[in-house]
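In the text below, chain A, chain B and the rest are named by the order of the sequence lines, each starting its count at 1. Keep in mind it's a predicted model, so treat the numbers as computed, not measured.
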Amino acid sequence: MTCSRRQFLKDTATTTLAAALPVSTMVFLTPGELKAAVENKKTRWTFLVDTNKCVGCGMCVKACKLENEIPYDAPVTRTWVERYVITKDGEAHIDSPMGGRDGFIDDKIRDEVIDPKDITKAFFVPKLCNQCENAPCVQVCPVGATYQTEDGVVLIDRDWCIGCGYCIMACPYGVRFFHPVTKTADKCNFCYHRTSKGLEPACVQACAFDARKIGNLKDPDDPVAKTIATKRVAVLKDEYGTKPHVFYLGLDENVR
Amino acid sequence: MSPDLVVHGVEWTVKELFVYPNEFIYWSIQIVMYPYMTGLVAGAFVLSSLYHVFDQKGLKDIAQFSLVFSLALLPVAALPLLLHLQQPTRAMEPLLTPHFTSAIAAFGIVFTTYALIVVSEIWFVYRKYFVEQVQELKGKSGIANTMTRLLYQVLTMGAYDVSDEAIAVDNKAAKILAGVGIPVACFLHGYAGFIFGSVKANALWMSPLMPVIFIMSAVVSGIALCMLTYIIIMEWQAFRNRRSADKSVQIHGAEKAVVFEAGRYLLGFLVAAITLEMLDLIFRGYTAMKSWDILRSVMYGKDFFNIFILQYTLGNLVPFILLLLPKLTIKRTVVALILILFGVFMMRWNVVIGGQAFSLSFSGYMHYHIPIIPHSMETFKEGLFGALTVIAIPFVLFSIINKFVPSLRSH
């Protein structure tokens, strides 16, 4: 049998194409997708904040700082509490000194005294990482040092983060910062080291008013999942398409 | 807080009204320098390609210089990124484990491709010169001559054929590389614009026009810097020539025709850049999305001087008029070029720092106070002197490279 060089190349190309065609109809899965498809995820950590119950004591912020070794007096924090005071002129006066760590014991908001008669409503809003389903921080990390676990929590690999700050810029909620000691990006992870052992996050445990709860969205019997399914809940900044997983009860339109 | 505990950004950020606790100016002067320097690289290359690809004969002198100068600028484009990293020892990770959903992950690939194109184009353009040098130095003795000859031998990479056919092949290769290089140079810089334009959390940055605006202003700044450096070096040589006793060589300084020809391209790209920026601004005001209130208060209020006086008036309008007025002289061109370079720098500043001048809560502001006198590594790196270091390096590199690859030849 003879075969010219041209014919050989032609046949090779045809065979490769013919072989590639059925392959192209297949869907390639990442190891994570494969595992999820086979095992059917059982957990999706989610958070419920009841702003009606928060009194702004700051115990959650204290507990978080101690539990997660965020230097106590550094002006960065994984969770914080905001105070909103709405006056009759419709203006929102907002503050969160030291993230609300020491409680809101001063009437003044940034040295401004607000006459109680002018106040129409006032409330506290705890904030933390939203563990977004479509997390922009995970998308923009150039080295994959921040990633989402199967149970929905976004984690950071401190040994691999290069400290470029792109994730900090990408987060619409401002939950990320540079850890002053490790010099890597840092944020709330629902106390992953505790939840994976069956414990509650430090802030949830520290809250005396049940304003913070953690639950599993995949478990229909979970009290948090039930509340989210049956009550009117809201999320922060849904216009960014991040699909946040911290749900709020009693969220006011003034909340930023 | 113990003194050695540094929270990144606290040093130079001043907050006003309500700002989330973790918000600081995380991207400071080095991130202003990064797009500025890559812009200069891309612009210098585009200028050299105008001659090599589109055969703009009037640009021959400045084209050779721009090509070599873009090589000197190249390493400096990556330097600001390295200086701003909190973990600089891990700088190679984006190349080793790139996470391709991130715009930054493409940096290594684009940057390397571009560097290879520039280096090989220079090689093709200068191969004949390398061969000539080797032959010239062959007979001469002395260690310095031997070392120089060895260096040029390495630079020829064993290709000694300087017949007409071989040189024609060289020229063709250089032309192809210059042609391929234009889109790659634009990509290198357009992607820097993409890094900002794709941050949906930032109301000022998020715009599909951002990459195009960045490319246009990059070309403007690159052409301006090449023209300016060309004029200064040529005039300096002419000045020295006038002072020296040797009158056998006549050096006339910068060629007016070359400068004015390049100036015309500069004006064209300047118009394109300003048009796009204005379109972006008008569109934001007209659509008036949720973020417009705070953006307006920053642009027309807090940053008014930086944006409308320094950037648009002093950096764009004034040089535009200077270059268009009749009876253009070299001196007037120099003033216009310096203003244009300043204007593009202010544009980068107003994008990078201006984008962090307001809180994500849209209820407060942040002010950036650039560290002048450094008192730690961080305040040096992310301060005035860090930026000046970045600006100085390309000129040092150029003076070294130019010794072996002479890009400015007097007539």
Side-chain angles (χ1 to χ4, degrees), chain A residues 61 71-78 80 82 92-101 109-110 127 136 138-147 159-187 237 239-242 256, chain B residues 1-2 4-10 13 15-24 26-28 31 81 84-108 195-196 198-203 205-206 289-290 355-356 359-364:
Chain A
V61 182
Y72 197 67
D73 289 324
V76 286
T77 178
R78 285 184 172 196
W80 68 96
E82 295 167 3
H93 306 261
I94 319 164
D95 75 340
S96 181
M98 284 308 281
R101 182 194 71 186
I109 290 187
R110 277 184 304 276
K127 296 265 183 88
V138 173
Q139 184 187 28
V140 302
C141 178
V143 295
T146 187
Y147 56 97
D159 294 330
W160 208 246
C161 170
I162 61 172
C164 66
Y166 205 13
C167 56
I168 302 178
M169 290 295 150
C171 174
Y173 305 98
V175 302
R176 285 179 168 248
F177 54 91
F178 279 127
H179 193 289
V181 178
T182 64
K183 305 283 177 203
T184 49
D186 208 281
K187 69 165 190 74
K237 301 187 183 184
E239 67 269 25
Y240 290 104
T242 51
R256 306 302 168 106
Chain B
M1 198 163 72
S2 66
D4 58 322
L5 200 65
V6 181
V7 175
H8 186 76
V10 171
T13 309
K15 297 183 177 185
E16 183 190 341
L17 299 175
F18 178 63
V19 176
Y20 293 136
N22 296 330
E23 277 188 281
F24 294 99
Y26 285 106
W27 281 2
S28 64
I31 302 298
L81 291 179
H84 110 282
L85 287 189
Q86 289 290 290
Q87 296 284 351
T89 55
R90 299 177 188 171
M92 293 310 283
E93 281 179 20
L95 300 174
L96 301 173
T97 58
H99 182 235
F100 282 114
T101 57
S102 168
I104 294 182
F107 179 79
I195 287 180
F196 294 99
S198 63
V199 176
K200 62 182 168 188
N202 193 302
W205 293 347
M206 198 188 129
M289 304 283 279
K290 191 178 173 186
Q356 300 169 82
S359 165
L360 292 169
S361 67
F362 297 158
S363 303

*Heavy-atom distance under 4.5 Å to chain B: side chain of A:Tyr72, backbone, both or neither?*
neither
_Looking at B:His84 and A:Cys164, would you say the former's side chain and the latter's main chain have a donor-acceptor pair under 3.5 Å?_
yes
*Among B:Leu96, B:Ile31, B:Val199, B:Leu95, single out the residue with the greatest number of heavy-atom pairs under 4.5 Å to chain A.*
B:Val199
*Nearest 0.5 Å, what's the NZ-OG distance between A:Lys237 and B:Ser361?*
7.0 Å
*Closest non-hydrogen atom pair between A:Ser96 and B:Pro21, with its separation*: OG-CG, 4.1 Å
*asked:* Using a 3.5 Å distance criterion without hydrogens, assess whether the side chain of A:Tyr166 forms a donor-acceptor pair with backbone atoms of B:Ala103.
replied: no
*Which bit of B:Ser359 comes within less than 4.5 Å of chain A, counting heavy atoms only: side chain, backbone, both or neither?*
neither
*Determine the minimum heavy-atom distance between A:Pro136 and B:Lys200, stating which atoms define it.*
CB-CE, 4.1 Å
_Below 4.5 Å, heavy-atom pairs only: which of A:Cys171, A:Pro97, A:Ala185, A:Ala92 has the largest tally toward chain B?_
A:Cys171
*asked:* For the CE atom on A:Met98, are there more than 12 heavy atoms of other groups (residues, nucleotides or ligands in this structure) within a distance under 6.0 Å?
replied: yes
*Find the distance between CE (A:Met169) and CZ (B:Phe196) and round it off to the nearest 0.5 Å.*
9.0 Å
*Of the backbone (N, CA, C, O) and the side chain (C-beta and beyond), which part of A:Lys187 lies under 4.5 Å from a heavy atom of chain B, both, or neither?*
neither
*Kindly compute the distance separating CZ (B:Arg90) from SG (A:Cys161), expressed to the nearest 0.5 Å.*
7.0 Å
*Assign the ring pair B:His8 / A:Phe178 to parallel, tilted or perpendicular, where the plane angle (0 to 90°) is split at 30° and 60°.*
perpendicular
*Under 3.5 Å, side chain of B:Gln87 to main-chain N/O of A:Thr182, donor-acceptor pair present?*
yes
_Heavy-atom closest contact (A:Val143 atom, B:Pro94 atom, distance)_ = CG1-N, 3.5 Å
*Please name the pair of heavy atoms, one in B:Ser102 and one in A:Cys141, separated by the smallest distance, quoted to 0.1 Å.*
CB-O, 3.4 Å
*Which distance, rounded to the nearest 0.5 Å, do you find between the CZ of B:Phe18 and the CZ of A:Arg256?*
9.5 Å
*Side chain, backbone, both or neither: which part of B:Ile195 has an atom under 4.5 Å from a heavy atom of chain A?*
both
_Counting only non-hydrogen atoms closer than 4.5 Å, does A:Ile168 touch chain B with its backbone (N, CA, C, O), its side chain (CB onward), both, or neither?_
side chain
*Between A:Pro142, A:Gly174, A:Gly241, which residue shows the highest count of heavy-atom pairs closer than 4.5 Å to chain B?*
A:Pro142
*Report the distance from atom NE2 of B:His99 to atom CH2 of A:Trp160, rounding to the nearest 0.5 Å.*
14.0 Å
*Please report the shortest heavy-atom distance between B:Thr101 and A:Gln139, naming the atom on each side.*
OG1-O, 2.7 Å
*asked:* I need the minimum non-hydrogen distance between B:Asn22 and A:Arg176, along with the two atoms involved.
replied: CB-O, 3.6 Å
_Before you tell me yes or no, could you show the steps for B:Phe24 and A:Phe177 under side chain to side chain contact (heavy atoms under 4.5 Å, CB included), namely the whole-Å CA-CA distance, both residues' side-chain angles and the distance that decides it to 0.1 Å?_
CA-CA 9 Å; B:Phe24 294 99; A:Phe177 54 91; over 6 Å; no
*Can you tell which of A:Val138, A:Val76, A:Ile162, A:Val140 has the highest number of heavy-atom pairs within less than 4.5 Å of chain B?*
A:Ile162
